Amino acid sequence: MSGFYFSSWLGQRSLTKNNKLFATVVGAFVCSLSSFFSIGAWATQPLTLPEDIFEKDRARYLEIEKKLLTYSKRSVQRLDNDIYELAHYPLYPYLLRLKLERTMSIRTKREVKQFLEDFNGQPVSYGVRYKWLNYLAKNDYRSTFLDNYRPGMGARLTCIALTYRLKEGESEQAILSEVDALWLHGQSQPDECDPLFAKWKKAGMMTPEMVIKRIEIAAKEDNRSIISYLKRQLPGDKQYLADAWLSVTRDTSRVNRTALFPLKNASHEAEVIVWAVEKLAWRNPDLAGTVFNRYNDKNVFSTAQQHVMRRAIALSYTLDRLPQAHHWLELADVQGASEDVKLWHISHLLRTKKWQEVVNVIDSAPASLQQEENYRYWKARALEALGQTMQATVLYKELSQERHYYGFMASAHIGEIPSLAHTPAPRDTAAIASVAKTPATMRSVEFFRLDRTTEARREWFYLLSHLPESKVTDAGILAYEWGLYDQAITSFARSGYWDDVERRFPLAFNDVFSEKSQAYSISKSLAMAIARRESSFRSDAISSVGAAGLMQLMPGTARYVAKEKVSRNTLFQVDDNVEYGVQYLRYLMDKLNNNPVLVSASYNAGWRKVLEWLPANEALPVDIWIENIPYKETRAYVKAVMAYQHIYDQQLGGNENIFPQLTRDMIPSADAVSTHPVTGTLQLAPR
């Protein structure tokens with residue numbers, strides 16, 4: 001929940017998992033945070049939690065927890081009184097869980113059942129049923145297993161449940177009808193499913209159609225090994241379909257081999273062609289277009305399939321800035337096509353400065369899309385370029401009242417100060433006190449005190465999911481006042497109360513950012529904007545690729561700028577993380593001629609990639625360049641950081657409004673890149 005919740009432009013669909021526009025590509029050094037894992041580092045953030053009334057109970061909790069984890073099973077069974085003494089303590093259910101897990105057996109089935117009923121859906125219960133069912137299956141306790149099984153427990157347990165139901169005498173026909181969903185899977189299923197599949201096949205339910213569907217799924221999941229097995233389950237006259245899938249998954253250009261597609265089973269062959277052409281388009285759009293036209297002339301494809309292939313070919317040409325882009329975008333941008341086709345059509349026309357066509361394409365969009373902020377902004381820009389100043393000003397004026405990147409850009413075009421429209425959420429003392437006393441809130445607070453942030457946030461998420469909608473904003477205020485800034489941001493996002501700018505964009509670690517930004521001559525508002533976008537000020541944040549801490553630095557980045565070894569744990573210390581993050585911003589500023597747009601793009605995608613995105617022949621206006629950034633994530637990231645920077649400048653009482661400069665600046669062409677005379681590295685040299 002680290003984003004600023006713009007609407008249309010932040011929600012653009014990713015284009016493809018391809019090198020050209022892989023939406024979740026991270027830079028060589030720094031990764032934008034998409035999903036977090038937590039580690040115990042919350043102690044680095046100063047919290048202002050409520051009065052600690054559980055200090056002695058917490059110490060006792062830790063003692064009993066240690067015993068539950070280390071004592072023998074027999075000794076654990078004698079800890080009931082110790083556990084019960086903490087029945088008033090918020091984390092008491094977690095002691096019950098530990099004891100259940102240590103003593104789990106058929107003799108404790110009543111206790112397990114009671115626990116699952118008492119804490120159904122709560123974080124403390126997560127995984128308990130799964131462990132219980134695995135124990136029951138291992139020991140073949142059939143009836144107890146069926147009493148406790150719930151749908152959605154994974155293929156292995158589902159197959160065990162269906163097998164047990166057969167043994168219990170249920171209708172074979174009814175049970176085998178549930179096997180279809182297990183069969184239609186791209187990977188090999190657990191061994192426990194084999195007897196079911198054998199009965200399912202014997203009952204005549206493994207039809208050629210079902211086999212072909214599974215081949216398609218397996219091919220799209222790049223699991224060729226299972227396709228060879230499935231081929232043998234097909235009648236001879238359909239086995240060539242498996243061969244076609246095997247061939248194109250090894251090399252998509254083989255879709256050009258007409259011998260693979262005799263059109264004897266045209267609908268199934270079309271599935272192969274569509275998948276291969278879409279993939280092929282990103283590396284060889286010319287060949288993809290040839291194959292598309294060949295079979296499209298034979299009326300092989302549905303309308304939806306045509307949309308898929310035309311989109312891939314059009315966007316491939318567009319992102320490579322090739323002349324064929326215009327033709328294919330016009331073919332692809334039709335009713336029923338993906339929304340991103342129209343967005344890229346507009347972006348292409350902006351880059352080529354075909355302003356009247358920009359207006360025409362926007363006017364052809366559905367009315368609902370025309371009301372989105374990006375469409376309104378670009379229509380205003382096009383009208384302004386066409387000399388229709390009055391009409392452009394009306395659109396700019398309307399947008400300037402809105403708090404987002406396009407609204408701020410529109411304000412700059414008409415010489416107005418961007419509107420923050422800050423309206424604090426009303427503070428209802430009684431409602432906030434009520435939220436503070438809920439069991440989930442109290443459990444979350446205790447986990448924060450124990451520096452167990454994963455568990456703490458899990459409880460807070462549960463709290464937000466179960467609070468009445470009217471109280472979610474109260475939870476956000478509470479989290480803000482306790483210094484749980486990322487939880488405050490999450491809570492306000494969930495409640496949809498967007499206008500409390502101060503709480504949604506907190507001045508977290510203000511002194512640290514002041515000191516480090518001043519030391520490296522970096523705009524404090526930019527540094528805070530990066531941290532807000534990257535981690536929502538979570539000092540213990542770590543991404544799936546290892547970017548860590550407040551400013552989401554890779555350890556290698558920190559080592560590079562610090563010129564010394566930096567451990568990952570160091571990056572969870574606020575002072576160190578901000579030090580290295582701001583130092584890295586200084587490095588990027590020096591390399592990219594102090595251009596904040598290129599720097600923010602580089603922070604997300606890596607500076608080498610950003611240099612590849614520079615215009616080929618002539619400079620481009622900043623807003624047009626941003627709109628043509630190939631990576632969806634980076635495109636949204638840059639817009640967000642620019643908007644956040646202005647918000648933080650206002651929060652800090654500054655007058656740094658960067659948007660007038662953004663409306664005047666140009667992104668230089670690739671010939672501005674030079675080699676540093678001393679270091680020999682590439683950089684954007686000042687002209």
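None of these values were measured; they are calculated from a predicted model.
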Legend entry - Intermediate values then yes/no, salt bridge (charged side-chain N to carboxylate O under 4.0 Å, His left out), K109 and D147: CA-CA 11 Å; K109 67 178 183 180; D147 286 342; over 6 Å; no
Inset, instruction - Check salt bridge (charged side-chain N to carboxylate O under 4.0 Å, His left out) between E446 and all other residues, then give those that pass, not counting sequence neighbours. - result: R58, R449
Inset, instruction - Enter the distance from T453:OG1 to R458:CZ here, rounded to the nearest 0.5 Å. - result: 10.0 Å
Inset, instruction - Determine whether R457 and D486 make a side-chain contact, defined as any pair of heavy atoms from C-beta on separated by less than 4.5 Å. - result: yes
Inset, instruction - Using distance alone, with no hydrogens and no angle criterion, decide if T490 and W460 have a side-chain donor and acceptor under 3.5 Å apart. - result: no
Inset, instruction - Starting from the C-alpha separation in whole Å, work towards a yes-or-no answer on side chain to side chain contact (heavy atoms under 4.5 Å, CB included) for T423 and V501. - result: CA-CA 7 Å; T423 305; V501 177; over 6 Å; no
Inset, instruction - Go through R452 and E455 one step at a time and tell me if the salt bridge (charged side-chain N to carboxylate O under 4.0 Å, His left out) criterion holds. - result: CA-CA 6 Å; R452 298 180 184 179; E455 293 88 344; 5.6 Å; no
Legend entry - Mutual orientation of the aromatic rings belonging to Y406 and H404 [parallel < 30°, tilted 30-60°, perpendicular > 60°]: perpendicular
Legend entry - Donor-acceptor pair between T429 and R427 side chains, under 3.5 angstrom: yes
Legend entry - Salt-bridge contact D80-K99 (side-chain N to carboxylate O under 4.0 Å): yes
Legend entry - Rounded distance (nearest 0.5 Å) linking atom CG of L162 with atom CG of L182: 6.5 Å
Inset, instruction - Would you check, one step at a time, whether the test side chain to side chain donor-acceptor pair (under 3.5 Å) holds for R533 with N604? - result: CA-CA 10 Å; R533 174 66 180 184; N604 178 259; over 6 Å; no
Please tabulate, one pair per line, all N/O donor-acceptor pairs under 3.5 Å involving side-chain atoms of residues 467-474, not counting sequence neighbours.
| from | atom 1 | to | atom 2 | distance (Å) |
| --- | --- | --- | --- | --- |
| K471 | NZ | S434 | OG | 3.2 |
| T473 | OG1 | S495 | OG | 2.9 |

Inset, instruction - Take Y587 and W607 through the side chain to side chain contact (heavy atoms under 4.5 Å, CB included) test and state the conclusion after the steps. - result: CA-CA 11 Å; Y587 167 82; W607 63 266; 3.6 Å; yes
Legend entry - Cationic N near anionic O, under 4.0 Å, E101 to R97: yes
Legend entry - Centroid-centroid distance, Y584 to Y603, less than 6.0 Å: yes
Legend entry - Under 3.5 Å side-chain donor-acceptor pair for Y92 and D57: no
Inset, instruction - Just do the salt bridge (charged side-chain N to carboxylate O under 4.0 Å, His left out) check on K67 and D82 with the steps written out, would you? - result: CA-CA 10 Å; K67 291 178 181 179; D82 296 297; 5.2 Å; no
Legend entry - Geometric class of the F537/Y648 ring pair [parallel <30°, tilted 30-60°, perpendicular >60°]: perpendicular
Inset, instruction - Could you tell me whether E117 atom CD has more than 12 heavy atoms of other residues or ligands within 6.0 Å of it? - result: yes
Inset, instruction - Identify the two heavy atoms, one from S525 and one from E656, that lie closest to each other, and give their separation to 0.1 Å. - result: OG-OE1, 3.4 Å
Inset, instruction - For residues A527 and S517, report the shortest heavy-atom separation together with the two atoms involved. - result: CB-OG, 3.9 Å
Legend entry - N81 CG: over 12 foreign heavy atoms closer than 6.0 Å: no
Inset, instruction - Check whether any side-chain heavy atom of S125 lies under 4.5 Å from a side-chain heavy atom of N120, and answer yes or no. - result: no
Inset, instruction - Cation-pi check, R504 to F492: give yes when NZ or CZ is under 6.0 Å from the six-membered ring centre and within 45° of the ring axis, no otherwise. - result: no
Legend entry - Within 45° cone and under 6.0 Å: K563 NZ/CZ vs Y560 ring: yes
Inset, instruction - Taking the side chain as every heavy atom from C-beta outward, state whether W482 and V445 have any atom pair closer than 4.5 Å. - result: yes
Legend entry - Stepwise side chain to side chain contact (heavy atoms under 4.5 Å, CB included) check, F119 with L96: CA-CA 11 Å; F119 303 106; L96 295 179; 4.2 Å; yes
Inset, instruction - State, to 0.1 Å, how close N577 and A548 come at their nearest heavy-atom pair, and which atoms those are. - result: ND2-O, 3.0 Å
Inset, instruction - Decide side chain to side chain contact (heavy atoms under 4.5 Å, CB included) for H422 and D500; before the verdict, give the C-alpha distance in whole Å, the side-chain angles of both, and the deciding distance to 0.1 Å. - result: CA-CA 6 Å; H422 170 56; D500 196 329; 3.6 Å; yes
Legend entry - Nearest atoms (heavy-atom pairs only) where V578 meets M551: CA-SD, 4.0 Å
Legend entry - Any donor-acceptor N or O pair under 3.5 Å, side chains Y637, E534: yes
Inset, instruction - Would you mind reporting whether K591 and S602 have side-chain heavy atoms less than 4.5 Å apart? - result: no
Inset, instruction - Verify the distance criterion only: is there a donor paired with an acceptor across the side chains of K524 and N510 at less than 3.5 Å? - result: yes
Legend entry - ring-ring contact (aromatic ring centres under 6.0 Å, His included) partners of residues 56-87, not counting sequence neighbours, each pair once: Y61-Y89
Legend entry - Pairwise distance CG(L157) to OH(Y130) - rounded to 0.5 angstrom: 5.5 Å
Inset, instruction - Determine, stepwise, if the pair S72 / S75 fulfils side chain to side chain donor-acceptor pair (under 3.5 Å). - result: CA-CA 5 Å; S72 68; S75 298; 3.0 Å; yes
Legend entry - No-hydrogen, no-angle side-chain donor-acceptor test under 3.5 Å, N594 and R586: yes
Inset, instruction - Output the distance between atom CG (L652) and atom CD1 (I647), rounded to the nearest 0.5 Å. - result: 12.0 Å
Inset, instruction - Assess the side chains of S105 and Y135: does a donor N or O sit below 3.5 Å from an acceptor N or O? - result: no
Legend entry - Separation between CD of E111 and CG of L116, rounded to the nearest 0.5 Å: 11.5 Å
Legend entry - Shortest non-hydrogen separation from I106 to W132 and the atoms involved: CA-CH2, 4.3 Å
Legend entry - Y94 versus R443, closest heavy-atom pair with distance: CE1-CD, 4.1 Å
Inset, instruction - Kindly indicate whether the side chain of R403, heavy atoms from C-beta on, has any atom under 4.5 Å from the side chain of W498. - result: yes
Legend entry - Geometric class of the Y485/Y480 ring pair [parallel <30°, tilted 30-60°, perpendicular >60°]: perpendicular
Inset, instruction - Flag the pair Y462 / Y126 as yes when their ring centroid distance falls below 6.0 Å, and as no otherwise. - result: no
Inset, instruction - Can you measure from CG (L86) to NZ (K56) and round to the nearest 0.5 angstrom? - result: 13.5 Å
Inset, instruction - Verify the distance criterion only: is there a donor paired with an acceptor across the side chains of T570 and D576 at less than 3.5 Å? - result: no
Legend entry - Close side-chain approach of E65 to L69, heavy-atom, < 4.5 Å: yes
Inset, instruction - Answer yes or no: is there an ion pair linking D511 with K516, defined by an N-O contact shorter than 4.0 Å? - result: no
Legend entry - Lys/Arg N to Asp/Glu carboxylate O, D191 vs R156, below 4.0 Å: no
Inset, instruction - Could you tell me whether the side chain of S523 reaches within less than 4.5 Å of the side chain of Q645, counting heavy atoms only? - result: yes
Legend entry - Close side-chain approach of S491 to L464, heavy-atom, < 4.5 Å: yes
Legend entry - Modelled atom types, side-chain donor and acceptor of E459 and Q122, under 3.5 Å: no
